[in-house]
Protein chains: 2
Amino acid sequence: MEPPVSPRRVTIVDVARHAQVSTTAVSKVLRNAYGASPEMRARVRRAIDELGYRPLAAARGLRGQTYTIGVMLPDIRNPFFPEILDGVTSCLADTDYQVLLGPGCGVNEEAGVIEAMIDRGMDGLVLVAPVSPRARLERVAADVPTVVVGRHGHSPAYDTVADDDVAGAALVVGHLAGLGHRRIAHIEHHEADPTRRVEMPNAQRADGYRQAMRGLGLEAEIDVVSTSYTQEGGYKGAQQLLARPTRPTAVFAGADIVAMGVLEAVAEAGLSVPGDVSVAGYDNTTFAALGPISLTSVDQAGREIGRNAARLLLERIADRGKTSVQIKLSPTLVPRRTTAAPPSA
Amino acid sequence: MEPPVSPRRVTIVDVARHAQVSTTAVSKVLRNAYGASPEMRARVRRAIDELGYRPLAAARGLRGQTYTIGVMLPDIRNPFFPEILDGVTSCLADTDYQVLLGPGCGVNEEAGVIEAMIDRGMDGLVLVAPVSPRARLERVAADVPTVVVGRHGHSPAYDTVADDDVAGAALVVGHLAGLGHRRIAHIEHHEADPTRRVEMPNAQRADGYRQAMRGLGLEAEIDVVSTSYTQEGGYKGAQQLLARPTRPTAVFAGADIVAMGVLEAVAEAGLSVPGDVSVAGYDNTTFAALGPISLTSVDQAGREIGRNAARLLLERIADRGKTSVQIKLSPTLVPRRTTAAPPSA
DNA sequence: TTGAAAGCGCTAACAG
DNA sequence: CTGTTAGCGCTTTCAA
């Protein structure tokens with residue numbers, strides 16, 4: 001007993017025959033292309049509906065476009081990235097483009113995922129916080145229209161959209177200083193690569209922290225621990241900070257997930273938040289808002305970032321030669337219950 | 001000044017010419033197909049390397065396979081789903097298959113995302129917790145090899161992999177009862193559709209709760225509030241429960257995200273966890289483990305689920321006619337700090 | 001405005 | 001074992 005063999009897929013030829021026109025005509029209607037009378041369009045549309053025809057993207061791609069946009073997220077677990085994705089899809093919702101995602105990928109898999117997307121004929125790529133060397137990104141962008149998100153640095157080959165991380169860091173420092181803190185420490189993600197030290201958000205946040213501290217005359221209080229943007233990185237970083245002869249009264253973690261580790265270490269040390277130590281994060285991820293956590297954080301307006309990225313991508317698909325654009329969006333501070341005046345203030 | 005036009009992509013013809021063989025030979029090497037001498041394979045491989053050739057998936061798909069597996073996740077924000085994805089990709093890592101994800105999709109977009117994946121020539125589909133009617137899933141499965149994850153119910157058309165939600169619910173109830181609780185309430189996700197009332201995990205968890213309560217002689221204590229698997233659903237559900245004349249001493253939330261809402265409502269009512277009320281979730285999501293939350297939860301072994309799904313899919317791609325398989329995996333309980341003995345115990 | 005015909009890059013029959 | 005040839009479903013010249 002065979003499983004019912006699905007009847008051959010309806011093709012453009014079927015539609016053409018049904019509508020009594022040429023396949024060319026059908027193709028024109030599909031692409032809203034020039035050179036088909038209203039009557040013909042109507043007939044073709046009706047045939048398409050009656051037969052339930054859907055064009056095969058792979059076949060279209062062989063000559064023209066696949067109408068597919070590839071989005072690469074570095075870490076699907078970071079609750080900030082879905083925001084960007086939402087922005088991208090919402091902007092593309094009214095178009096013929098479909099979004100497909102690369103699977104969450106670490107540093108090692110990034111190149112492979114990008115290649116896979118190119119090989120699958122994506123019409124455009126949105127790369128979120130890519131770690132690949134600049135030269136590689138430019139080669140990719142030469143192959144297919146590309147927008148790089150969440151990474152600073154200009155290139156004529158691709159557009160960029162990013163949050164102003166320097167300003168974001170300043171918001172946190174200003175907030176904490178405003179509460180009366182002076183010993184404000186920062187936990188950063190260690191970055192060895194020189195280009196990335198300039199272009200990656202983590203580096204910019206650390207820079208922003210230093211600048212802001214200086215700007216407030218707290219130069220002497222600058223205290224940066226270099227671990228990684230992970231919960232463990234936050235935990236270990238906080239342990240170091242809490243072991244200082246005079247420990248900081250506030251910790252600015254470079255990312256919310258880092259702040260989680262900080263909270264854990266602080267609790268373990270028998271200290272309270274924000275009574276003994278204030279803690280702030282960055283990204284305003286979903287769990288920052290969770291009642292039991294209620295973490296002060298910086299909101300990056302991820303949806304807005306995504307929307308802009310999609311818009312730029314469509315523009316670049318329409319005109320591959322256009323000069324590249326850099327968009328920097330201003331973050332906002334979301335104060336919650338993990339920050340308060342320092343104990344002795 | 002033109003941007004440097006990327007030189008035409010290397011094709012199978014270029015490789016064939018470079019290696020002085022036919023395109024057929026190259027194709028055979030690419031597919032590890034029968035009928036090519038070792039020497040020829042070697043020559044072709046060398047040519048491929050020298051030219052940096054990569055096959056175009058879209059073109060392959062037109063005749064054969066695209067070597068692409070589509071994975072649909074219902075909600076990219078739920079930290080449980082990435083686990084499944086990890087399992088899928090890890091199982092596929094050694095194969096020629098690449099995974100692409102549909103963008104997080106709500107109830108309304110699901111059909112569109114599935115269609116988009118089919119239209120892009122996916123060789124196989126992994127549908128995680130799909131809400132589409134059974135008949136629709138079967139039609140999809142008739143078109144392309146499909147594995148349905150996290151939804152119960154047999155079908156000859158597709159394989160399924162799911163967690164044993166009834167057992168998971170029993171674990172929670174047993175744990176709470178073991179601590180001395182009797183008034184154990186449950187917050188479920190309301191399900192109107194009759195098929196889904198049987199097949200969806202949320203319904204099975206509610207059933208499991210009822211069964212377990214009965215099994216422990218706590219039939220009279222059964223108390224189910226029907227909201228939704230969201231933070232808000234947990235918040236509102238908890239408010240109802242806390243307003244009971246004699247309020248429950250423990251709340252089993254159907255999902256971790258629901259438990260977050262419960263924790264918030266409990267705190268707002270001036271009660272403590274687990275002092276006054278114990279709270280347990282389901283899914284063992286990343287944030288359940290976060291220090292400040294430390295939520296007792298049920299672990300579904302998402303990676304294992306994903307691995308199994310990928311394995312079944314490969315089997316089905318190899319033999320589309322094979323009889324369908326249903327795999328049910330046993331969850332485990334992860335006790336943390338939100339559950340303890342009831343106040344008066 | 002319309003349609004015939006020639007590909008896009010690859011795989012699958014089928015001859016040699 | 002090897003290569004020739006005919007498509008896959010669609011878009012794109014280019015004549016009519």
Asks: Ignoring hydrogens and geometry beyond distance, is a side-chain donor-acceptor pair present between B:S155 and B:E138 at under 3.5 Å?
Replies: yes
Asks: To the nearest angstrom, how far is A:Y34 atom OH from C:dG3 atom C1'?
Replies: 16 Å
Asks: Any side-chain donor-acceptor pair under 3.5 Å between B:R151 and B:T160?
Replies: no
Asks: Just the rounded figure in Å: distance from C1' of C:dG3 to CE of A:M40.
Replies: 9 Å
Asks: Just checking, is any N or O donor in the side chain of A:S37 or A:R41 under 3.5 Å from an acceptor N or O on the other one?
Replies: no
Asks: Could you give the CZ-to-P distance, from A:R41 to C:dG3, as a whole number of Å?
Replies: 13 Å
Asks: Please step through side-chain hydrogen bond (donor to acceptor under 3.5 Å, both in side chains) for the pair A:Q98 and A:T68, ending with a clear verdict.
Replies: CA-CA 5 Å; A:Q98 249 293 328; A:T68 313; over 6 Å; no
Asks: Can you name the one residue among B:K322, B:R320, B:K328 that meets salt bridge (charged side-chain N to carboxylate O under 4.0 Å, His left out) with B:D159?
Replies: B:K322
Asks: So what does A:A36 touch, heavy atoms closer than 4.0 Å: a base, only the sugar-phosphate, or nothing?
Replies: sugar-phosphate
Asks: Whole Å only: how far is the CZ atom of B:R17 from the P atom of D:dG3?
Replies: 15 Å
Asks: Any side-chain heavy atom of A:L125 sitting closer than 4.5 Å to one from A:P145?
Replies: no
Asks: Grab the CZ-C1' distance between B:R43 and D:dC1 for me, whole Å please.
Replies: 13 Å
Asks: Check the distance between D:dC8's C1' and B:R120's CZ and give it to me in whole angstrom.
Replies: 18 Å
Asks: Measure CD/A:Q20 against C1'/C:dT1 and give the value in whole Å, please.
Replies: 18 Å
Asks: What does nucleotides 8-16 of chain C look like as a protein-contact string, B for base, S for sugar-phosphate only, - for none, at under 4.0 angstrom between heavy atoms?
Replies: BBBBBB---
Asks: If you only use heavy atoms from C-beta on, which nucleotide in D:dC1, C:dT1, D:dG3 is closest to the side chain of A:S37?
Replies: C:dT1
Asks: Would you mind reading off the distance between A:D123 atom CG and D:dC10 atom C1', rounded to a whole angstrom?
Replies: 14 Å
